Structures are given as C-alpha cells and as structure tokens.
Amino acid sequence: MNTVPAPATGELFYRDGTEADVEQLVALVESAYRGVSSQLGWTTEADLLEGQRTDSQGVLDIIRSEGSRLLMAERNGELIACCQLDHRGDHAYFGMFAVRPGLQGGGVGRRVIAEAERLAVEEWGVRAMHMTVISAREELIAWYERRGYRRTGETTPFPYGDERFGLPLRDDLAFELLVKPIG
C-alpha cells in the first residue's frame, strides 16, 4: 500500500515492503550496520558486533505479520531507507531502521522517522512510539533524543549466543528502551 502520492523526481516515496523486496531490504539493513560498507555512515555497529544484523526470514516474518509493516523509502525508484513498525496496543514499536550509508546525515532518517510516527498515529491511533537501542550507542541515542525520544533506563540483556542478532565483540551490551509521545 502506498502511503503518499507518487513523488516528483528526487523526493521520497514511501510504500510497504512486500515479499519481492526481502533481499534488497536485507542488503540495506546489513549495509547500514555491519561490515565495511557500514563504516561509510555513522550508524555502524561494526565496532560492537560482527555477523548478521538480520536475515531473509526475519524480514519476511515482519512483512507477513498482522499489525506489522516494513516501511520502505525510495528515491527515483531506489530503496534508500526502511523501518519496521509494529502495532502493540497503545503504542507502536519502531525498529530495523536503516538509511543507505552514503546518504546518512542528509536528513533522510529524520524524514523517515517522522513519516513512521505519522503513520502510527493515523493508522493505529497510538499515543507513543517505543524502540530499543544498544545502550553503548550514545551518538545514536543522542540523535533520537533530538527527535523527542527519551531514555527510560529500562534495559533488556543482549541475546548473547543467538547469532541471528550478530556476534558481540564486547560483553557489556544491552538494549535500552526509548519512548516518545506521538499521539
């Protein structure tokens, strides 16, 4: 489902990911967080984790799940960003956020998160957006704080030993819950 009319050249066009998009979505997420390509942007986790960030089955599960969507942002027909939105009662969960590394820092991420918040309010009537961020990612957390998210201090352990989430290079990783009122 398209969420906005088709844009003029150079503008962002948003749509829900489909099964046909799985491989390019996995490639985008991996490029933004892991390996050498991720180091072109500032959201890399390469100093914290090796291995995969996601896989085809994980992306497919989001696409197929009721109350969930993988929002894609395209420019001139090319995928440049994505994010996961899950409807969870009175709030939405925001995850799997990725912007092509060479485009990070240019405002694309800010526009995508604003669109995700708008959709969550408009389509689900939620009053808050939740996300989890690796607590060691201070620069990324500061970026979210500038967009109105607040740290809750609530953490959950990193799933050490589950290679679906990567191979940790440190033994002090945890996820912190960030919350923003949106509705």
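In this text, all values refer to a predicted model and were calculated from it rather than measured experimentally.
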Could you walk me through whether R127 and D90 pass the side-chain contact (heavy atoms from CB on, under 4.5 Å) check? CA-CA 6 Å; R127 298 199 152 305; D90 65 346; 5.8 Å; no
Salt bridge (charged side-chain N to carboxylate O under 4.0 Å, His left out) between D47 and R170, intermediate numbers included: CA-CA 9 Å; D47 57 334; R170 296 171 41 169; 5.8 Å; no
Given side-chain contact (heavy atoms from CB on, under 4.5 Å), test Y144 with I113 step by step and report yes or no. CA-CA 10 Å; Y144 285 122; I113 199 168; 3.7 Å; yes
What verdict does the side-chain contact (heavy atoms from CB on, under 4.5 Å) test give for C83 and F94, after you've listed the backbone C-alpha separation in whole Å, the side-chain angles of each residue and the deciding distance to 0.1 Å? CA-CA 7 Å; C83 68; F94 179 84; 3.5 Å; yes
For a side-chain contact (heavy atoms from CB on, under 4.5 Å) check, start with the C-alpha distance between Y14 and R118, then their side-chain angles and the critical distance, and finish with the verdict. CA-CA 12 Å; Y14 300 97; R118 184 193 70 76; over 6 Å; no
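Sorted by first then second residue, the salt bridge (charged side-chain N to carboxylate O under 4.0 Å, His left out) pairs that include residues 22-35, not counting sequence neighbours, are R34-E45.
The aromatic rings of H91 and H130 sit parallel to each other, their planes meeting at less than 30°, with 60° as the upper class boundary.
In this structure, SG in C82 is found 11.0 Å from CD in E74, a value given to the nearest 0.5 Å. To the nearest 0.5 Å, atom CD of residue E66 and atom NE2 of residue H87 are 11.0 Å apart. We find the OG1-CD1 distance between T155 and I134 to be 13.0 Å, quoted to the nearest 0.5 Å. Atoms CD and OG, on Q84 and S65 in that order, are 9.0 Å from each other to the nearest 0.5 Å.
In this structure, L48 and L169 have side chains that are not in contact, with every pair of non-hydrogen atoms separated by 4.5 Å or more. Within the 4.5 Å cutoff, side-chain heavy atoms of L70 are placed close to those of V59. M129 is listed as a side-chain neighbour of L85, based on a closest heavy-atom distance under 4.5 Å. Counting only heavy atoms from C-beta outward, the side chains of M131 and Y149 approach each other to under 4.5 Å. By the 4.5 Å heavy-atom criterion applied to side chains, P168 and F158 are counted as neighbours. Using a 4.5 Å heavy-atom cutoff, the side chains of L79 and L25 are in contact. Here the side chains of R150 and E145 are not in contact, with every heavy-atom distance at 4.5 Å or above. Taking 4.5 Å as the limit, some side-chain heavy atom of L140 sits within range of a side-chain heavy atom of W42.
Minimum heavy-atom separation, L173 to A136: CD2-CB, 4.5 Å. Considering all non-hydrogen atoms of both residues, A81 and V99 come closest at CB-CG2, 4.0 Å. Taking every heavy atom of both residues into account, V112 and F97 meet most closely at CG1-CE1, 3.7 Å. In this structure, A32 and Q104 approach most closely via the heavy-atom pair CB-NE2, 4.0 Å.
When atom types are taken as modelled, the side chain of Y33 and the backbone of T54 share no donor-acceptor pair closer than 3.5 angstrom. With hydrogens and angles disregarded, no donor-acceptor distance shorter than 3.5 Å links the side chain of D162 to the backbone of P159. Between the side chain of D86 and the backbone N or O of R88 there is no donor-acceptor pair closer than 3.5 Å.
M72 and L60 fall within the same hydrophobic cluster, where Ile, Leu, Val, Met, Phe, Trp and Tyr residues are linked whenever their side-chain heavy atoms come under 4.5 Å apart, directly or through other members. In this structure, L49 is not a member of the same hydrophobic cluster as V26, with clusters built from ILVMFWY side-chain heavy atoms closer than 4.5 Å.
Counted by atom type alone, Y93 and T132 present one or more donor-acceptor pairs between their side chains at under 3.5 Å.
Under the side chain to side chain contact (heavy atoms under 4.5 Å, CB included) rule, M96 has a single partner from V29, L71, L28, which is V29.
Annotation for E163: atom CD does not count as buried by contact number, only 12 or fewer foreign heavy atoms lying within 6.0 Å.
Using a 4.0 Å cut-off between a side-chain N of Lys or Arg and a carboxylate O of Asp or Glu, R69 and D16 qualify as a salt bridge.
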Hey, can you pull the donor-acceptor pairs under 3.5 Å for the side chains in residues 174-183, sequence neighbours left out?
residue : atom : partner : partner atom : Å
E176    : OE1  : R151    : NE           : 3.1
E176    : OE1  : R151    : NH2          : 2.8
E176    : OE2  : R151    : NE           : 3.3
E176    : OE2  : G153    : N            : 3.1
K180    : NZ   : E117    : OE1          : 3.1
K180    : NZ   : E117    : OE2          : 3.3
K180    : NZ   : R147    : O            : 2.7

